[in-house]
Novice: 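Following this message is one structure expressed as structure tokens.
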Amino acid sequence: MHQYRTHTCADLSKDHIGQTVKLSGWISRKRDHGGVVFIDLRDTYGLTQCVVDEGSPLLAEIEKCRVESVITVTGEVRERPGETQNKNMPTGDIELYIAQMDVQGAAEVLPFQVAEDDGAGEEIRLKYRYLDLRREKMQKNIRLRNDVIFSMRERMHGKGFQEFQTPILTASSPEGARDYLVPSRLHPGKFYALPQAPQQFKQMLMVSGFDKYFQIAPCFRDEDGRADRLAEFYQLDLEMSFVTQEDVFNTVQPVIEGVFEQFNDFTGTTHKIEWMPHIRYEDAMMKYGSDKPDLRNPLEIVDVTEVFARDDVEFKAFKGTIEKGGVVRAIRVPKVADQPRSFFDKLNSWAQGEGAPGLGYVKLENGAGAGPIAKFIPEAAMAELAKIAGLEDGDAIFFICNKELPAAKLAGLARDAICNALPEGHEASREKGVFRFCWIIDFPMYERDEFTGEVDFSHNPFSMPQGGMDDLENKDPEQVYAWQYDAVCNGFELCSGAIRNHKAEIMEKAFSIAGYDKEVLEDKFGGMLNAFQYGAPPHGGCAFGVDRIIMLLANEPNLREVYAFVMNGQYEDQMMSAPNDITPEQLKDLHIKLDMPKAKVKIEDAA
RNA sequence: GCGGGUGUAGCUCAGUUGGUUAGAGCGCCGCCCUGUCACGGCGGAGGCCGCGAGUUCGAGUCUCGUCACUCGCGCCA
């Protein structure tokens with residue numbers, strides 16, 4: 001007989017009755033009846049009830065074992081007596097009668113409960129992550145992560161992509177997020193950077209002729225976290241040669257759809273997978289106020305600046321902003337005129353919390369405008385408003401007035417806030433049970449800083465401008481679009497990608513428009529620029545956020561629930577004590593002296 | 001860097017207009033219990049009320065500061 005086990009805790013059934021078997025696992029629960037003790041023995045595969053009966057010399061020993069101790073038990077598999085069979089348990093027909101027991105690893109008193117969700121907070125869960133990971137939900141989530149990544153790999157290999165590894169110690173790049181830096185011992189004063197993405201490497205693999213690259217790639221960005229953003233994360237990174245934007249979509253879309261279809265019911269709820277028609281970036285900002293719209297929300301934004309600019313509309317609060325170049329965006333919400341005043345007041349408070357003066361609205365009741373600001377909108381203007389927004393009797397329309405970009409963004413937030421505020425079952429409620437995808441396309445190549453007036457890349461500087469050199473030379477930079485695209489799902493940006501700029505002379509021009517001269521370009525991107533001078537194929541690709549995909553499939557509120565080991569919101573690992581201090585010797589080796597920020601001096605102390 | 005929320009027993013939380021000895025559930029310890037599966041019963045231990053000032057006869061409760069965690073803004077091509 002094997003030293004530790006003949007079966008797992010999920011294996012045993014009526015077929016094994018009468019056999020002597022050995023199991024190893026954790027004591028998940030213990031039910032001590034004095035004369036008889038029941039133990040639920042747990043491993044990653046399942047639970048098996050084990051019994052010690054009165055008269056057994058093991059009774060006293062097993063009563064002393066705390067839950068979460070690791071034990072090995074040997075004994076006969078017996079059918080449970082009639083009424084005590086547990087139909088809720090896969091192994092509930094049988095139990096193991098313990099004849100021999102070895103304690104492999106005794107457990108101290110636990111900081112929180114493992115066998116049940118006792119609501120323990122994130123701080124303590126992360127500190128004792130190895131215990132947290134024993135819990136059923138985390139075992140399932142991590143298993144899902146494994147299955148999703150395996151599925152991605154299979155699908156990518158099936159499409160003829162080669163899997164690569166690219167350097168983790170690489171060079172810092174001048175734009176984008178802050179880099180995590182690693183000092184070089186052999187080159188005092190110089191630093192490696194951890195990759196924000198394997199961007200340049202995958203492009204150079206295209207120059208090398210590998211044609212189809214992919215990698216489950218670790219990426220590092222030293223920027224403040226969010227629920228859906230961590231310092232380190234993984235992307236399904238891919239790149240292809242001789243492709244158009246549509247080729248990239250047609251290649252990767254079935255991979256992602258396939259993964260979502262395969263795991264769509266992980267939470268127990270079946271989800272539809274729907275890929276909506278492409279939306280241009282500018283249209284997304286207009287209709288949804290966001291470049292990552294949640295298309296389960298049916299509400300849409302319209303521009304009604306012309307209504308409030310009319311001479312017969314005397315709403316000064318908006319008129320003043322319009323005269324300074326502002327716009328009025330509006331959201332029509334069907335069948336809410338009968339909502340109590342508190343519905344509208346709460347949304348008004350919400351808008352004030354976002355820094356807006358408020359969230360004005362008009363209701364259309366019995367063919368006439370109603371509500372606090374309806375008196376400023378005469379009948380003819382109200383008719384125009386109704387026409388633009390498609391208002392019907394019983395609807396309400398909310399207004400946001402500001403300069404264009406902030407107005408669009410707030411309208412986008414309001415669109416979701418209003419949808420969330422709608423009562424359960426309302427016709428405009430956020431749709432459930434669906435993963436609704438969409439490609440956002442035609443991103444602008446450049447944007448102009450509102451205050452400095454300087455032009456900078458709005459997204460990826462390696463993207464090909466849609467009109468090539470001709471557009472760069474002859475168009476206003478803000479009118480140049482890039483072959484740059486995102487994939488969004490249910491309000492999350494899941495993917496970003498582009499058809500790359502593979503021509504050195506176009507790249508020089510593109511960077512010069514953004515204010516980077518040739519020297520900077522050669523200094524920072526010399527490797528890739530050189531590569532493009534020895535026969536570079538047209539190429540493009542994208543990268544999907546693996547963790548966000550798992551987060552969506554598992555319906556988890558944040559990324560920390562889908563990683564085995566993860567840092568907290570301040571990017572600290574309380575379990576491993578990272579980051580931590582290093583020895584003076586280590587610093588000396590690296591020729592580094594610390595220049596710590598000065599401690600804050602209180603005024604009364606200084607005086 | 002900024003704003004919101006939270007901080008009371010090992011864990012999750014309650015704690016009234018400031019007023020005796022700060023409570024509950026789970027966990028832990030002891031005793032009892034032969035069929036449970038969130039076993040049950042009886043008893044017990046366990047508290048820098050995040051920390052520091054202040055107001056007050058009196059602070060878990062009010063004020064200020066500070067720290068930690070969390071959500072968001074900035075930032076993240």
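Note on naming: letters A, B, ... go to the chains in the order of the sequence lines (proteins, then strands), and numbering restarts at 1 for each one.
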Novice: Using only heavy-atom distances, decide whether a donor-acceptor pair under 3.5 angstrom links the side-chain of A/Asp118 to the base of B/G27.
Specialist: no

Novice: Using a heavy-atom cut-off of under 4.0 Å over every strand shown, decide if A/Gly355 touches base, sugar-phosphate, or nothing.
Specialist: nothing

Novice: How is A/Glu354 classified with respect to the nucleic acid when contacts are heavy atoms under 4.0 Å: base, sugar-phosphate, or nothing?
Specialist: nothing

Novice: Please tell me which of the listed nucleotides, B/C69, B/C76, B/C11, lies nearest to the side chain of A/Glu572?
Specialist: B/C69

Novice: Ignoring backbone atoms, test whether A/Arg178 places a side-chain nitrogen or oxygen under 4.0 Å from the OP1 or OP2 oxygen of B/G74.
Specialist: no

Novice: Find out whether the Lys NZ or Arg CZ of A/Arg548 is both under 6.0 angstrom from the six-membered ring centre of A/Phe492 and within 45° of the ring's axis.
Specialist: no

Novice: What is the nucleic acid contact for A/Ser458, judged by heavy atoms within less than 4.0 Å: base, sugar-phosphate only, or nothing?
Specialist: sugar-phosphate

Novice: Does A/Arg226 make a side-chain N or O approach to OP1 or OP2 of B/C73 shorter than 4.0 Å?
Specialist: yes

Novice: Using side-chain hydrogen bond (donor to acceptor under 3.5 Å, both in side chains), reason through A/Asp547 and A/Tyr563 one step at a time and then give a plain yes or no.
Specialist: CA-CA 8 Å; A/Asp547 317 295; A/Tyr563 274 90; 2.7 Å; yes

Novice: Take the angle between the ring planes of A/Phe457 and A/Tyr446 and call it parallel below 30°, perpendicular above 60°, tilted in between.
Specialist: parallel

Novice: What string of B, S and - do you get for nucleotides 33-41 of chain B, 5' to 3', if B is base contact, S is sugar-phosphate-only contact and - is no contact with any protein heavy atom under 4.0 Å?
Specialist: BBBBBSB--

Novice: Can you find a donor-acceptor pair, distance only, under 3.5 Å between A/Arg125 side chain and B/C11 base?
Specialist: no

Novice: For A/Asp345, what residues pass the side chain to side chain donor-acceptor pair (under 3.5 Å) criterion, not counting sequence neighbours?
Specialist: A/Arg341

Novice: Under 4.0 Å, heavy atoms only, any strand: does A/Leu47 hit a base, just the sugar-phosphate, or nothing?
Specialist: nothing

Novice: Can you work out whether A/Arg229 or A/Leu126 has the more 5'-proximal nearest nucleotide on RNA chain B?
Specialist: A/Leu126

Novice: At their closest point, which heavy atom of A/Met101 faces which heavy atom of A/Leu58, and how far apart are they?
Specialist: N-CD1, 4.1 Å

Novice: Using atom types as modelled, flag every donor-acceptor pair under 3.5 Å from a side chain in residues 108-117 of chain A to any protein atom, sequence neighbours excluded.
Specialist:
from: A/Asp117; atom 1: OD1; to: A/Gly119; atom 2: N; distance (Å): 2.9

Novice: Over all strands shown, is A/Pro461 touching base, sugar-phosphate only, or nothing at heavy-atom distances under 4.0 angstrom?
Specialist: base

Novice: Name the closest nucleotide to the A/Ala227 side chain, picking from B/C76, B/C71, B/A68.
Specialist: B/C71

Novice: When we call it a touch if two heavy atoms are under 4.0 Å apart, what does A/Gln196 touch: a base, just sugar-phosphate, or nothing?
Specialist: sugar-phosphate

Novice: Under the 3.5 angstrom rule, does the side chain of A/Lys87 hit a backbone N or O of A/Gly92 as a donor-acceptor pair?
Specialist: no

Novice: If I pick the C1' atom on B/U61 and the same atom on B/C49, what distance separates them, to the nearest angstrom?
Specialist: 10 Å

Novice: Roughly how many Å apart are B/G54 and B/C42, using the C1' atom of each and rounding to a whole number?
Specialist: 48 Å

Novice: Given the C1' atoms of B/G15 and B/G1, what is the spacing between them in whole Å?
Specialist: 37 Å

Novice: For nucleotides B/U56 and B/U63, find the distance between their P atoms and express it as a whole number of Å.
Specialist: 16 Å

